[in-house]
Undergrad: 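This is the structure, below, for whatever I ask next.
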2 protein chains.
Amino acid sequence: MARTRVTISGLTTIAITVVEKQGLDALSLSSVASRLGVRPSALYTHVNGVEGLRYLVAVNATRNLTDDIRRAAIGVGGGKALQTVGQAYRAFALNSPGQFRATLTAPRSADDELTKANDDLVEVFALVFAAMGLEAETAKLAARSTRSALHGFCALEVAMGTSADHDAQYQHLLDTLEQGLQPTKD
Amino acid sequence: MARTRVTISGLTTIAITVVEKQGLDALSLSSVASRLGVRPSALYTHVNGVEGLRYLVAVNATRNLTDDIRRAAIGVGGGKALQTVGQAYRAFALNSPGQFRATLTAPRSADDELTKANDDLVEVFALVFAAMGLEAETAKLAARSTRSALHGFCALEVAMGTSADHDAQYQHLLDTLEQGLQPTKD
DNA sequence: ACCTGAACACCGTTCAAGT
DNA sequence: ACCTGAACACCGTTCAAGT
């Protein structure tokens, strides 16, 4: 009696739910299958094993983060843009730690969906810096450095746990980046 | 016939070996036990399950990273110190990706070995900035921001894979930090 | 085409039993 | 005190069988 039908979008929704409610380490074919009311082996029709499941979550998590910071960047001008986007980045990490951790998943190839999703994420930062007056190449460098720095802070915070003075510490990081990325002739 | 004796230092050595040769995900009681010539259940005498094994690796990996960057910082003056320590940080990540990944493990409590190991790591950066003339509190902030930024870059590089222009990109990050952390009155 | 159910390998954990 | 070996739960994966 095969009455339950699995769709890829339903599977994705459930997978994200598992990651958020039970943590990234709880993501498994079993946990997703049980929530879908289906046997683990049934998922092989839609996904290439656990690896495929993790990949699916990684792509969606990265897109969700990108959506959040892109939304935050809209209509915010000049020097304030980096601050705003930075806060949105950290908010995603703290509110969706499971998805944020999934963000670090390795792409399968140099031209797959996950690589594209990561490029899109960095491009939001690049657009912010371009709007601040940086030339295209410089904006790209600034974007990658910024993403690296923000990721590092949030990854450490999510892993090690948040403490009281983290707000001020994050502010210091954002200020450091802003000052360090100012165009200077020397 | 219990002829094989397990020591905690031997166990640690083997665990690090597994992490380096087979990757962090291959770290398990089984893999370590088989290399020790012992049954998995025998490890429970020395370590508190897989969690305890991961914790052991995390503490040692963090200490190894600290040793590396501390060594690199010796006898290097002024503005060059950050560059040197930064290069040593990345070298550890690229040469020992398994240990580097283990560096992100969550401490058990606020006053355990792993928390201490992490504090020691950040303190190396603090000492570098103090030597550059920053006041103690400022040096601490700079140290944490720097560690976050370097960790983020290396974590992304280790996860996503190294590509050709990463050297220049890392140099840009180090330069950004150096400029951004310069004491300015404004 | 898609799901079930059995089967197998593998890992973590506990515990009685040996030395 | 420390290791073995059996036992159990759990997950991933494959595949024949059903619909």
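Side chains are part of it too, since the values below use all heavy atoms of this structure and drop only hydrogens, waters and symmetry mates. This one's a predicted model, so the numbers in the text were calculated from it and none came from an experiment. Every chain is numbered from 1 and lettered A, B, ... according to where its sequence line falls, protein lines coming before strand lines.
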Undergrad: Take nucleotides 5-11 of chain D nucleotide by nucleotide from the 5' end and write B, S or -, depending on whether a protein heavy atom sits under 4.0 Å from the base, only from the sugar-phosphate, or from neither.
TA: B-----S

Undergrad: For Watson-Crick and G-U wobble pairs within 3.5 Å on both distances, what is DNA chain D written in dot-bracket notation, | included for inter-strand pairing?
TA: ||.|||||...|||||.||

Undergrad: Take atom NE2 of A/H46 and atom C1' of C/dT4, then tell me their distance rounded to the nearest Å.
TA: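 My rounded result for the distance is 14 Å.
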
Undergrad: What's the closest nucleotide to the B/V38 side chain, out of C/dG12, D/dT4, C/dC2?
TA: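 Of all the options, the side chain of B/V38 is nearest to D/dT4.
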
Undergrad: Check the distance between D/dC2's P and B/L36's CG and give it to me in whole angstrom.
TA: 15 Å

Undergrad: Strictly by salt bridge (charged side-chain N to carboxylate O under 4.0 Å, His left out), give each pair with a member in residues 117-130 of chain A just once, sequence neighbours left out.
TA: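 Only A/K116-A/D120 qualify under salt bridge (charged side-chain N to carboxylate O under 4.0 Å, His left out).
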
Undergrad: Pairing donors with acceptors under 3.5 angstrom, does anything connect the side chains of A/E135 and A/T138?
TA: yes

Undergrad: Between A/R144 and B/D165, does at least one N-O distance fall below 4.0 Å, as a salt bridge requires?
TA: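 Salt bridge present between A/R144 and B/D165.
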
Undergrad: Is it true that B/H151 and B/F100 have ring centroids separated by less than 6.0 Å?
TA: yes

Undergrad: How close do A/Q169 and B/S145 get, counting heavy atoms only, and between which atoms?
TA: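 Nearest heavy atoms, A/Q169 then B/S145: NE2-OG, 3.1 Å.
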
Undergrad: Let me know the distance between CG of A/L43 and P of D/dG12, rounded to the nearest Å.
TA: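 Nearest whole value for this atom pair: 9 Å.
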
Undergrad: Consider only side-chain N and O atoms of A/Y55 and A/D112, and report whether a donor and an acceptor are under 3.5 Å apart.
TA: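 On atom types as modelled, these side chains qualify, holding a pair under 3.5 Å.
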
Undergrad: Would you mind telling me which of C/dT13, C/dC2, D/dC3 lies closest to the side-chain atoms of A/T45?
TA: C/dC2

Undergrad: Rounded to whole angstroms, how far apart are CD1 on A/I8 and C1' on C/dA1?
TA: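 A/I8 atom CD1 is separated from C/dA1 atom C1' by 15 Å.
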
Undergrad: For a quick check under 3.5 Å, do A/T12 and A/S9 share a side-chain donor-acceptor pair by atom type?
TA: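 Result is no, nothing qualifies.
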
Undergrad: Between B/V6 and B/H46, what is the shortest heavy-atom contact and its length?
TA: O-NE2, 3.1 Å

Undergrad: Please state how far atom CG in A/L53 lies from atom P in D/dG12, giving the value in whole angstrom units.
TA: 8 Å

Undergrad: Once you round it to whole Å, what is the distance between P of D/dG12 and CD of A/E51?
TA: 11 Å

Undergrad: How about B/Q83 and B/D175: does a side-chain donor come under 3.5 Å of a side-chain acceptor?
TA: yes

Undergrad: Once you round it to whole Å, what is the distance between P of D/dT4 and OH of B/Y44?
TA: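 Those two atoms, OH and P, are 14 Å apart.
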
